[in-house]
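Below, all heavy atoms of this structure are taken into account, side chains as well, without hydrogens, waters or symmetry copies.
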Amino acid sequence: MYGELSAWPLGLERAAGRGLAFGPAVWEGTGMGRVLGRSGIEVSEVGFGCWAIGGPAIADGMPDGWGDVDDEESVAALRRGLELGVTFFDTADVYGAGHSEEVLGRALAGHRDEVVIATKFGYTFDAGRRVIAGEDTSPGYIRRACRASLRRLGTDRIDLYQLHVGDLPADRALEVAGTLDGLAADGLIRGYGWSTSDPQRAAAFASGSHGTAIQHELNVLADAPAMLAACDAFDLASINRGPLAMGLLTGKLTRLDAIREVLASGGRTLAQGALCWLLARSPRAVPIPGIKTVSQAEQNAAALHLGPLSAAEMTEITRLLGT
């Protein structure tokens, strides 16, 4: 059902079910950039997550997003991130019902060839009322959504176009991949990915000619060894949402005090330590922390220069977590 599972490395299917079959390997690279899977597209080690700058929207009658935003502050934060070396910006057409893409396009105007832009599709919305209406992954809708994103972003191509519907059946996702290959042939996108938490779905999607990335949750408190193994098996980038594991800051678990100490050692802030853990976790990992302010952009971009945690620090965190 999920594609060529027989092509997975021995034990990957078992890891998908248990989540701990693969211990946290350590990547000790010191470069300032990473590559988005088999696309060859180079990006900064840490990206800029653009959900928050979209502002409020309504989904299923409930607020969706991260509250009100100041567009001038958002633009300043985006430009400050670029000044400090962040070149990868991840958004979605549905964030703020199109508003995030518009703000991102405005901020990056004049710098298009210096950056890599990722966006997502699959959910329908009413931009005027800022209401998220449903989902649509039909070929016609995908093509319309792509062109609408290009207009909002003010660009002629999308570097990474991602399916946003994480639980779409694999057979439907393969049809979507065919449509995306067509968009790539037309020069509208350079590569594509899927925002999903299922390693088997990742494997199915990898069969497309231009499939190059999977976006999924990964942080120091929510490791994803099976997904990372799938990314290794199919040469996919691992785009990491929720990278800062905000639970680290709540103080609800006493064992986290020791982990905080390791993460914040060497002059790092806690957030920087969480990002540096990801950089050590896999050479395919590209964290995209959400950013709303210039200060947040500066703090997160500093992780580019701090580099991955050491092997000893990674081992100590693994011990403290009991994994």
Do side-chain atoms of [X] reach the backbone of [Y] as a donor and acceptor pair under 3.5 angstrom?
{"X": "Arg79", "Y": "Ala107", "answer": "yes"}
{"X": "Asp126", "Y": "Arg129", "answer": "yes"}
{"X": "Thr212", "Y": "Arg38", "answer": "yes"}
{"X": "Arg260", "Y": "Leu270", "answer": "no"}
{"X": "Asp60", "Y": "Met62", "answer": "no"}
{"X": "Arg241", "Y": "Gln215", "answer": "yes"}
{"X": "Thr87", "Y": "Val116", "answer": "no"}

Residues forming a salt bridge (charged side-chain N to carboxylate O under 4.0 Å, His left out) with Arg157, sequence neighbours excluded: Asp113
With sequence neighbours excluded, residues passing salt bridge (charged side-chain N to carboxylate O under 4.0 Å, His left out) with Arg147: none
Using a strict cut-off of less than 4.0 Å between a Lys/Arg side-chain nitrogen and an Asp/Glu carboxylate oxygen, indicate whether [X] and [Y] qualify as a salt bridge.
{"X": "Asp70", "Y": "Lys292", "result": "no"}
{"X": "Arg152", "Y": "Glu102", "result": "no"}
{"X": "Glu73", "Y": "Arg80", "result": "no"}
{"X": "Arg112", "Y": "Asp159", "result": "yes"}

Gap separating the [atom1] atom of [X] from the [atom2] atom of [Y], nearest 0.5 angstrom:
{"X": "Leu36", "Y": "Asp235", "atom1": "CG", "atom2": "CG", "answer": "11.0 Å"}
{"X": "Leu163", "Y": "Arg201", "atom1": "CG", "atom2": "CZ", "answer": "10.0 Å"}
{"X": "Gln299", "Y": "Leu244", "atom1": "CD", "atom2": "CG", "answer": "11.0 Å"}
{"X": "Glu313", "Y": "Ile259", "atom1": "CD", "atom2": "CD1", "answer": "13.0 Å"}
{"X": "Leu275", "Y": "Leu306", "atom1": "CG", "atom2": "CG", "answer": "9.5 Å"}
{"X": "Glu175", "Y": "Ser138", "atom1": "CD", "atom2": "OG", "answer": "10.5 Å"}

Nearest atoms (heavy-atom pairs only) where [X] meets [Y]:
{"X": "Asn300", "Y": "Val46", "result": "O-CG1, 4.2 Å"}
{"X": "Gly208", "Y": "Asp181", "result": "CA-OD2, 4.0 Å"}
{"X": "Ile291", "Y": "Ile53", "result": "O-CG2, 3.4 Å"}
{"X": "Arg268", "Y": "Leu263", "result": "NE-O, 2.7 Å"}
{"X": "Val35", "Y": "Ala237", "result": "O-CB, 4.3 Å"}
{"X": "Val165", "Y": "Gly122", "result": "CG2-O, 3.7 Å"}

Pair listing, ring-ring contact (aromatic ring centres under 6.0 Å, His included) test, anchored in residues 161-204, at least two apart: Tyr95-His164, Phe121-Tyr161, Tyr123-His164, Tyr192-Phe205, Trp194-Phe205
Stepwise side-chain contact (heavy atoms from CB on, under 4.5 Å) test for Asp223 and Trp277: CA-CA 11 Å; Asp223 200 0; Trp277 181 91; 3.9 Å; yes
Transitive ILVMFWY cluster of Ile58, excluding itself - 4.5 Å side-chain cut-off: Val131
Counting C-beta onward and ignoring hydrogens, is there a side-chain heavy-atom pair between [X] and [Y] closer than 4.5 Å?
{"X": "Cys146", "Y": "Leu180", "result": "no"}
{"X": "Val103", "Y": "Val75", "result": "yes"}
{"X": "Cys50", "Y": "Leu78", "result": "yes"}
{"X": "Leu309", "Y": "Ile317", "result": "yes"}
{"X": "Met227", "Y": "Ser238", "result": "no"}
{"X": "Leu321", "Y": "Leu221", "result": "yes"}
{"X": "Lys120", "Y": "Val94", "result": "no"}
{"X": "Leu236", "Y": "Arg284", "result": "no"}

Test item: side-chain donor near acceptor, Thr196 and Asp198, under 3.5 Å: no
Between Ser149 and Glu101: side-chain donor-acceptor atoms closer than 3.5 Å: yes
Pair His216-Ile239, side-chain contact (heavy atoms from CB on, under 4.5 Å): steps then yes or no: CA-CA 6 Å; His216 62 102; Ile239 310 301; over 6 Å; no
Arg281/Asn240 under side-chain contact (heavy atoms from CB on, under 4.5 Å): CA gap, chis, key distance, verdict: CA-CA 11 Å; Arg281 182 64 182 89; Asn240 312 139; over 6 Å; no
Within 6.0 angstrom of Glu261 CD, more than 12 heavy atoms from elsewhere: no
Candidate pair Glu72 and Arg106, rule salt bridge (charged side-chain N to carboxylate O under 4.0 Å, His left out), full reasoning: CA-CA 10 Å; Glu72 297 305 316; Arg106 173 186 163 195; 2.6 Å; yes
Worked check of side-chain contact (heavy atoms from CB on, under 4.5 Å) between Thr124 and Tyr141: CA-CA 9 Å; Thr124 61; Tyr141 178 78; 3.7 Å; yes
Residue that, paired with Ile288, satisfies side chain to side chain contact (heavy atoms under 4.5 Å, CB included) out of Phe88, Phe48, Phe89: Phe88
For Ala222, all residues meeting side chain to side chain contact (heavy atoms under 4.5 Å, CB included), sequence neighbours excluded: Glu217, Asn219
For Asp64, side chain to side chain contact (heavy atoms under 4.5 Å, CB included) partners two or more places apart: Trp51, Ala59, Ile132
Verify same cluster id: Leu104, Val69 (apolar side-chain graph, 4.5 Å): no
